[in-house]
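Accompanying notes for the structure given below.
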Amino acid sequence: MNEKVRVRFAPSPTGYLHIGGVRTALFNWLFARHHKGKFILRIEDTDLSRSTDESIRQIIEGLKWLGIDPDEGPYRQTERRDIYLEHIERLLKEGKAYQCYCTPEELEQKRKEALAKGEKPRYDGKCRNLDTPPPGRTSAVRFKTTMEGNTVVDDLLRGEVVFDNTELDDLIILRSDGTPTYNFVVVVDDATMNITHVIRGDDHLANTPRQVQLYHGLAYQPPKFLHLSMILGSDKARLSKRHGATSILSYRDTGYLPGAMINYLVRLGWSYGDQEIFSKEELIEKFSIENIGKSAAVFNPEKLLWLNSHYIKTGDPLRLASYLRPHLLNEGILPESQASEISVEEIAKVIPSLQERSKTLIEMARGTEFFFAKEIQYDEKAARKFLIPSIVPIFERLIHMFEKSENFDTDSLERIFTDITEKQGLKLGKIAQPVRVALTGKTVSPGIFDVISLLGKERVVERLKMGIRYIG
RNA sequence: GGCCCCAUCGUCUAGUGGCCUAGGACACCAGCCUCUCACGUUGGCGACACGGGUUCGACUCCCGUUGGGGCUACCA
């Protein structure tokens, strides 16, 4: 690993960027950063019919949100067509590949027959030694696979994985429409981009012997391989839409912090003793292949939530404020005009009062309503229960005390409340709840002294008076 | 079906032949704290898939079984 490390993340833009892909990207990125190497983003868009620009946009946006920044790319395979054709030409010239005139329909037919007989469907090599091409047919190009002996994949995680070459067949490297196929371009790309380590999902392991043969055919040195185990859903099936949100951006949009996401994902398949919490810098320093696990991991939303709440709890209010702003807008707490104008400093003021009681930024956004709302709405049940005539004298007393109080910090406020509860022989709860409802409209809020202090004398007095008017 | 990978609490994992009466974290349950909701805190529940070897000694090594996952396309 003293050579310059070059790794890549190579998603296909055929849907949203999902959790599993992000974990792969993260491991590649950490590996590159740890070894001071390069992390390259490459879009595998050889399947024209399924690739979309929207998907590419989402991949880039998702990685950006998480701070998984590429050093090179995004490269797009559709832009590297000439390179692939050159390589195909070379194989053809060297007799290592050949034109295949079989139609997809014929192939499909043969596959069905093989399956029906309980055999493994393999290409029968019909066109392999054809002297005269059948007229009027388009052709695809197949690679001449070596079918004797075996191919060994040397995997950094799993050791030597041996495949019997009789399991393989001549794979198509150029479709009849002139576009190259995945197993071929991935080899050409990784070779020509000087990728040193291919770290990717387990689902690619079984295709790797084909790729190894291609490396040999092309006279390229294969990279080191490392196949990560999959991330599964709660039913142990491969993670998919059925398991709920799997798009990385949906986590951003539902109030998760990128640091929490990274911290969660890295622990799916990697560990460092008993440690659970890692900063990015720490991960870069500590990440190593030796501590990657071999077994598949089940995605556990509860633990992600816990990590998110941890990061909210311990986060810097100013930083949290910038993440909170879009949710303030989305939740309708602040109108668009105001949301863009208000400073992070202003937003950050309320945040400490909510850090301990918010598991997501959405929860936090909702919790700020008392602070940002011009006029508060009473929750009907709360008002009926707590805004009752017997509380009016207390409110009046509080208004009086607040108005003559010079300090409005939580300590001074607590003294005012203690004074009242002692004189009246009441428990704090007896007056805190009605005050809470008068000030926030709800029975749930940050600590009452925090609420009062944050709101400031003027608004507190105003809302208490409004409460009195409501009662009377 | 064939081939390949994997196997410690419900979940993520520590464990690299004696340190294990198997540790931590999430979740769950109970107590404490308390102005609401939370936070916090204390305790509890809870696993080496099974069967054979190897060894003085296996969670750790080997084989098999079972279970799960992946691949088996002119998808990636």
Side-chain angles (χ1 to χ4, degrees), chain A residues 10-14 44-47 49-51 100 102-104 107-108 111 115 117-123 138-142 153 155 157-158 161-164 166-169 171-177 179-183 185-186 201-210 227 229-230 232 234 236-238 264 267-277 290-291 293-307 309 313 354-359 363 367 382 386 414 417 421 427-433 435-437 440 442-449 451:
Chain A
S12 62
T14 52
E44 310 250 313
D45 57 351
T46 50
D47 183 353
S49 59
R50 296 200 306 152
S51 299
C100 174
C102 300
T103 64
L107 264 14
E108 182 56 31
R111 181 169 33 248
L115 248 22
K117 275 190 279 184
E119 288 169 8
K120 183 184 170 68
R122 298 168 68 252
Y123 178 62
T138 54
S139 66
V141 175
R142 282 187 192 267
V153 174
D155 190 281
L157 234 202
R158 302 166 202 282
V161 184
V162 181
F163 294 85
D164 196 323
T166 55
E167 291 297 319
L168 275 24
D169 63 0
L171 79 152
I172 289 187
I173 55 178
L174 188 72
R175 298 185 186 92
S176 50
D177 68 359
T179 59
T181 58
Y182 168 75
N183 279 301
V185 296
V186 74
D202 206 355
D203 47 341
H204 291 280
L205 181 55
N207 278 320
T208 309
R210 294 173 176 287
H227 290 92
S229 285
M230 309 264 82
L232 310 177
S234 51
K236 303 249 182 173
R238 192 185 189 150
Y264 177 71
R267 288 283 290 100
L268 241 39
W270 180 83
S271 60
Y272 190 80
D274 282 341
Q275 191 171 340
E276 296 285 352
I277 307 293
E290 289 83 80
N291 294 322
K294 291 200 270 196
S295 47
V298 173
F299 181 76
N300 182 209
E302 279 81 32
K303 188 151 185 185
L304 206 211
L305 226 209
W306 171 75
L307 273 161
S309 68
K313 231 172 290 170
L354 288 158
Q355 281 175 284
E356 303 258 284
R357 57 199 94 225
S358 313
K359 290 189 192 306
E363 274 182 39
F386 292 107
E414 190 161 359
F417 273 75
T421 50
K427 298 254 285 179
L428 179 57
K430 283 288 174 202
I431 60 178
Q433 275 308 77
V435 171
R436 190 185 314 280
V437 174
T440 71
K442 300 183 177 96
T443 53
V444 174
S445 85
I448 195 65
F449 307 125
V451 170

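What you are looking at is a predicted structure, and each value in this text was computed from that prediction instead of being measured. Every chain is numbered from 1, with letters handed out A, B, ... down the list of sequences.
- A distance of about 7 Å separates the C1' atoms of C59(B) and U8(B), rounded to the whole Å.
- Between S229(A) and C6(B), a side-chain N or O to OP1/OP2 separation shorter than 4.0 Å is absent.
- Within the 4.0 angstrom heavy-atom criterion, base atoms lie near H204(A).
- Using a 4.0 Å heavy-atom distance criterion, R267(A) is classed as a base contact.
- In terms of phosphate contacts, S234(A) brings no side-chain nitrogen or oxygen within less than 4.0 Å of OP1 or OP2 of G10(B).
- Going from the P atom of A49(B) to that of U41(B) covers 32 Å, rounded to whole Å.
- Under the Watson-Crick or G-U wobble criterion, with both distances below 3.5 Å, C61(B) is paired with G53(B).
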Could you go through nucleotides 26-32 of chain B and list every protein N or O atom that sits under 3.5 Å from one of its N or O atoms, giving the distance for each pair?
residue	atom	partner	partner atom	Å
C26(B)	OP1	W306(A)	NE1	3.4
C26(B)	O2'	K303(A)	N	3.4

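- Contact of E276(A) with G24(B) (side chain to base): a donor-acceptor pair of N or O atoms is detected under 3.5 Å.
- One finds no side-chain N or O of K236(A) lying less than 4.0 angstrom from the OP1 or OP2 phosphate oxygen of G69(B).
- R210(A) pairs by the side-chain hydrogen bond (donor to acceptor under 3.5 Å, both in side chains) definition with D169(A), not counting sequence neighbours.
- Neither OP1 nor OP2 of A38(B) sits under 4.0 Å from any side-chain N or O of K313(A).
- Base orientation of C33(B): anti, the glycosidic angle falling outside 90° of 0.
- You'll find a donor-acceptor pair under 3.5 Å spanning the side chain of R357(A) and the base of C37(B), going by distance alone.
- U11(B) is paired with A25(B) under the Watson-Crick or G-U wobble criterion, all donor-acceptor distances under 3.5 Å.
- Within the nucleic acid shown, T103(A) comes within 4.0 Å of at least one base atom, counting heavy atoms only.
- Here G70(B) presents its P atom at 8 Å from CG of L232(A), a figure rounded to the nearest Å.
- Partners of S358(A) under the side-chain hydrogen bond (donor to acceptor under 3.5 Å, both in side chains) rule, at least two apart in sequence or in another chain, do not exist in this structure.
- G429(A) comes within contact range of the sugar-phosphate backbone alone, with a heavy-atom separation under 4.0 Å but no base atom that close.
- One can place CG of L428(A) at 10 Å from C1' of U34(B), the figure rounded to the nearest angstrom.
- Contacts of C102(A) with the nucleic acid, taken as non-hydrogen atoms under 4.0 Å apart, include base atoms.
- Looking at heavy-atom distances under 4.0 Å, S271(A) makes contact with sugar-phosphate atoms alone, never a base.
- Among the protein residues, P209(A) comes within range of no part of the nucleic acid, since none of its heavy atoms lies under 4.0 Å from any strand.
- At a threshold of 4.0 angstrom between heavy atoms, the contacts of N207(A) include nucleobase atoms, whether or not backbone atoms are also involved.
- Within the structure, a side-chain polar atom (N or O) of R111(A) is placed less than 4.0 Å from OP1 or OP2 of C74(B).
- Dashed line: the shortest gap from a side-chain N or O of R238(A) to OP1 or OP2 of C71(B) is under 4.0 Å.
- Nearest-nucleotide assignment on RNA chain B puts the 5′-proximal partner with L205(A), out of L205(A) and P180(A).
- Using a 4.0 Å heavy-atom cutoff across all strands shown, F163(A) reaches sugar-phosphate atoms only and no base atom.
- Applying the side-chain hydrogen bond (donor to acceptor under 3.5 Å, both in side chains) rule to Y123(A) yields no partners; only residues at least two apart in sequence or on another chain are considered.
- Taking atom CG of residue D47(A) and atom P of nucleotide A76(B), one finds them 5 Å apart after rounding to whole Å.
- Computed from coordinates, the L168(A) CG to C3(B) P distance equals 14 Å when rounded to whole Å.
- Not counting sequence neighbours, the partners of E108(A) by the salt bridge (Lys or Arg N to Asp or Glu O under 4.0 Å) test are R111(A).
- Residue N183(A) places its side chain closer to A76(B) than to any other of C4(B), A76(B), C6(B).
- Scanning for side-chain hydrogen bond (donor to acceptor under 3.5 Å, both in side chains) contacts around S445(A) gives R436(A), with sequence neighbours left out.
- Remark: G1(B) base-pairs with U72(B). Criterion, Watson-Crick or G-U wobble with two distances under 3.5 Å.
- The gap from the C1' atom of G52(B) to that of C26(B) amounts to 37 Å, rounded to the nearest Å.
- Counting non-hydrogen atoms under 4.0 angstrom, V435(A) reaches nothing in the nucleic acid.
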